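Written out below as structure tokens is the structure these notes cover.
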Amino acid sequence: MKRKILSLALVLCMSLSCFAACSKEGDKAEETEAAFEAFEYTDFYGNKVTIDKEPQKVVSVSPALTEIIFELGAGDKLVGRTDYCDYPDDALKVESVGEIVSPDIEKIASLEPDIVLASSMFSEESYNALKDLGITVVVIRDEVTLDGMLSVISDTGLLIGEKKAGEELAAKMKEELDKLGTGEVADDAPSVYYVTGFGEYGEYTPGEGTFIDDIIKAGGAKNAGAAAVNWSFSLEALIEADPDYILIPAWGYDQFISTEPYSSLSAVKNGNVIIVDPNIFERQGPRNLEAVQVIRDIVDSADAQDLAA
Amino acid sequence: MSNPGNMTDKEKTSAPQAAHSGARALRGDAFYPKLLAAAVLLFLAAAVACCLGSSSIPFHKVVSYFIGKTESLSSSEILIIGRIRLPRTITSLLVGGALASVGCIMQGVFRNPMADPSVLGISSGSALGAAIMIVLGFNGVIIGTGFTGAYIGAIAGALVTWLAVFYIARSSGEYDTTSTLIAGIAISSIMSALITVLMTLHHESMERIYMWMLGTFSSATVQKTWVLFAVVGVLVPVLVLIAPRIDVLKLGREAALSLGVNQSRTLGIVLCISSVLLAFCVANSGIIGFVGLIIPHIVEYFRIHRMRRKLIMSFMTGAIFMVVCDCIAKTVVSPGEMAIGAMTSLIGAPYFLILLIKSRVTAGRKGIR
């Protein structure tokens with residue numbers, strides 16, 4: 001405990017002296033530096049990271065974080081992204097550092113970032129390698145609820161020196177989420193099955209306790225694949241559940257609706273198989289609103305059909 | 001190239017064979033009772049497999065489905081038994097049997113206990129074919145065939161690989177076991193490397209390629225099962241027909257030739273049939289290791305020595321083993337599923353090791369090593 005207090009005091013002293021040093025310089029610098037408060041952030045690995053000046057160069061090792069950074073209007077701070085970061089279009093103009101789990105460490109170092117942000121997919125080896133190089137790296141925990149996603153947004157804002165923008169975006173999204181639905185699922189709500197893999201690839205769907213499960217519930221529908229174990233499901237269970245609606249990425253649509261026994265499912269017969277962009281469901285960020293909207297629309301159209309019937 | 005040295009090596013490494021080689025000439029191997037027992041076991045395993053699944057359909061309903069009284073069943077129950085469980089059980093039975101038969105005949109023809117279906121590179125070639133189709137975006141059912149792009153790619157990939165091995169191994173004008181094995185292993189690593197390259201270049205398809213390779217029997221359809229049934233039903237009997245040639249080959253190439261068995265031609269036929277069998281196995285269920293390698297060794301413990309009988313017994317044992325493994329794979333984390341390739345090794349390898357230790361202990365006690 002003593003040591004903790006000591007180190008905290010030390011950090012405080014150092015940041016204070018930094019302020020003092022800065023204030024002697026030009027007026028402009030004084031303004032920006034004064035607006036930024038040094039803080040400590042506990043990341044996914046339980047490590048405390050001290051951010052004592054506003055980051056100007058950010059590398060994002062997660063497509064979701066890249067989307068959040070652009071949404072926060074801080075796209076110009078981004079100097080590195082991954083191969084997967086394909087949204088928004090401006091992200092493609094940023095240099096890539098490779099993939100998500102173990103990106104190109106040399107490339108990241110050469111970009112001289114003030115901070116590297118990663119998701120929990122990021123490997124511990126890469127994490128340690130970056131730390132050894134003296135690069136500030138923060139792994140943000142992936143959340144399994146929409147509320148958690150909002151905290152990812154505000155944390156990201158905080159970490160890249162856009163604290164206010166982060167909080168505002170999170171608050172705005174919270175408001176819109178509340179408008180979309182109460183998160184309560186009616187007893188007669190339609191059931192929705194989200195396909196991540198099927199057929200030759202095995203049956204995979206987000207079960208209870210996953211982020212997508214929370215999106216489906218937030219939209220007011222039942223998750224037909226809730227019983228899945230670690231995303232793994234079975235064909236038999238799918239046939240038995242016979243969901244009202246099926247959400248599937250574009251690559252699987254044709255095969256799904258034309259292969260036995262999927263073609264015998266009610267959702268296929270009734271034309272209720274809907275192609276969705278998996279990124280709006282799987283990446284945590286502003287576009288999750290669109291995902292909740294997809295579910296909301298399904299619930300509303302099912303209600304309309306019930307009324308008509 | 002005939003290599004009698006290899007043969008003695010095999011006799012040495014294969015403990016049970018060494019332990020019982022003296023007795024075998026005197027006693028019969030009681031093949032038919034063993035075959036009958038295997039058939040009964042296979043039937044039981046298949047029956048259990050049809051009753052197991054993530055949806056709980058009561059036993060009497062499964063029975064009434066099979067005796068044709070389907071009135072008491074709901075449409076989803078008929079679908080689950082007829083379109084999911086039955087094709088799945090038959091597919092796992094056929095794939096298990098075919099993989100074990102191919103492994104058995106390969107170990108015989110190469111006179112190498114380490115030979116298994118994967119050494120020829122057919123499995124990796126097949127996976128590469130499927131990966132190419134996945135990357136090219138042939139995801140749907142290819143129009144007019146009813147088969148998916150990955151399925152067709154897997155078969156094409158296997159056949160192309162076989163042609164490559166065939167060409168390289170025959171470059172001296174004759175097949176030869178050593179150069180065929182080496183060519184197979186080299187081609188296998190090329191194919192695996194190409195899959196890695198494809199996965200690196202096409203991140204978006206990486207997960208699907210990987211999941212495809214892990215393999216599952218859950219994608220078995222009635223149509224695919226019929227095709228597999230036809231292929232296995234024709235080709236495994238052909239292997240059984242030519243199996244006695246392998247016994248003759250043990251005498252050495254010249255001696256075999258004088259008895260009318262041409263080593264090169266036999267090897268050529270075995271390779272061709274094995275490749276086609278493997279192509280369809282991999283296309284149906286992804287890459288399943290271990291079965292082709294270990295089942296023939298387990299059959300050694302049944303004290304059956306003639307190749308023809310060993311082959312039939314390998315088929316039965318492989319089929320039983322695979323059906324049992326699939327039962328476990330589909331129930332252990334229900335409603336999720338375990339990858340079948342992992343199941344076969346997890347269940348089969350410890351069992352085989354126990355057999356191995358037991359036979360070593362008995363051989364030690366009898367003073368035979």
Side-chain angles (χ1 to χ4, degrees), chain A residues 63 82-86 96 98-103 195-208 224-243 248-266 269 278-279 282, chain B residues 52-57 74-77 79-85 87-88 130 134 137-141 143 146-151 154 200 203-216 218-223 283-286 330-340:
Chain A
T82 69
D83 291 344
Y84 298 91
C85 300
D86 53 3
S96 175
E99 43 87 40
I100 297 170
V101 181
S102 41
V195 178
T196 30
F198 71 100
E200 292 157 306
Y201 312 107
E203 304 302 324
Y204 288 94
T205 191
E208 187 132 43
V229 183
N230 283 331
W231 296 67
S232 175
F233 207 53
S234 80
L235 190 50
E236 277 185 26
L238 172 57
I239 299 284
E240 209 171 37
D242 200 19
I248 193 165
W251 62 262
Y253 182 78
D254 289 338
Q255 187 177 338
F256 195 90
I257 61 163
S258 59
T259 335
E260 275 281 354
Y262 302 103
S263 47
S264 312
L265 288 166
S266 308
K269 285 185 186 155
N279 292 338
E282 288 163 22
Chain B
L52 290 177
S54 49
S55 68
S56 45
I57 300 176
S74 72
S75 63
S76 80
E77 285 167 342
L79 200 64
I80 287 173
I81 302 172
R83 297 288 170 82
I84 300 176
R85 288 193 190 167
R88 180 177 184 147
I134 292 172
F138 289 104
N139 291 304
V141 168
I143 296 143
F147 297 108
T148 61
Y151 182 89
T200 327
H203 282 310
E204 71 287 352
S205 308
M206 192 163 171
E207 209 175 335
R208 267 183 291 145
I209 296 175
Y210 186 67
M211 289 197 288
W212 187 90
M213 289 201 295
L214 276 182
T216 173
S218 88
S219 66
T221 63
V222 176
Q223 187 192 14
N284 270 288
S285 60
K330 70 181 176 181
T331 50
V332 73
V333 287
S334 174
E337 287 196 17
M338 289 289 287
I340 183 70

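Computed over heavy atoms, backbone and side chain alike; hydrogens, waters and symmetry mates excluded. Only a predicted model underlies this, so the values are computations on that prediction, with no experimental measurement involved. In what follows, chains carry the letters A, B, and so on, assigned in the order in which the sequence lines appear, proteins first and then strands, with residues in each chain numbered from 1.
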Got a donor-acceptor contact below 3.5 angstrom from the B:K330 side chain to the B:L52 backbone?
-> yes

Look only at the side chain of A:D242 and the backbone of A:S266, and say whether a donor-acceptor pair between them is shorter than 3.5 Å.
-> yes

Highest number of heavy-atom pairs under 4.5 Å with chain B among A:F256, A:Y84, A:Y253 belongs to A:Y84

Engaged part of A:Y204 at the chain B interface, taking heavy atoms whose separation is under 4.5 Å = side chain

What part of B:Y210 gets closer than 4.5 Å to chain A, counting heavy atoms only: side chain, backbone, both or neither?
-> neither

Would you sort out whether B:R83 and B:E77 count as a salt bridge (charged side-chain N to carboxylate O under 4.0 Å, His left out), showing the intermediate values?
-> CA-CA 10 Å; B:R83 297 288 170 82; B:E77 285 167 342; over 6 Å; no

Top contributor to chain A contacts, counting heavy-atom pairs under 4.5 Å, from B:L79, B:I209, B:L214 = B:L79

Side chain, backbone, both or neither: which part of A:F198 has an atom under 4.5 Å from a heavy atom of chain B?
-> neither

Does any heavy atom of chain A fall under 4.5 Å from the side chain of B:T221, the backbone, both, or neither of them?
-> side chain

With distance as the sole test, does A:S96 use its side chain to make a donor-acceptor pair with the main-chain N or O of A:D83 at under 3.5 Å?
-> yes

Exam field: side chain A:E203 to backbone A:G199, donor-acceptor pair closer than 3.5 Å = yes

Leading residue by heavy atom contact count with chain B [cutoff under 4.5 Å; candidates A:E236, A:E99, A:E260] = A:E236

Any donor-acceptor pair under 3.5 Å from A:Q255 side chain to A:G252 backbone | no

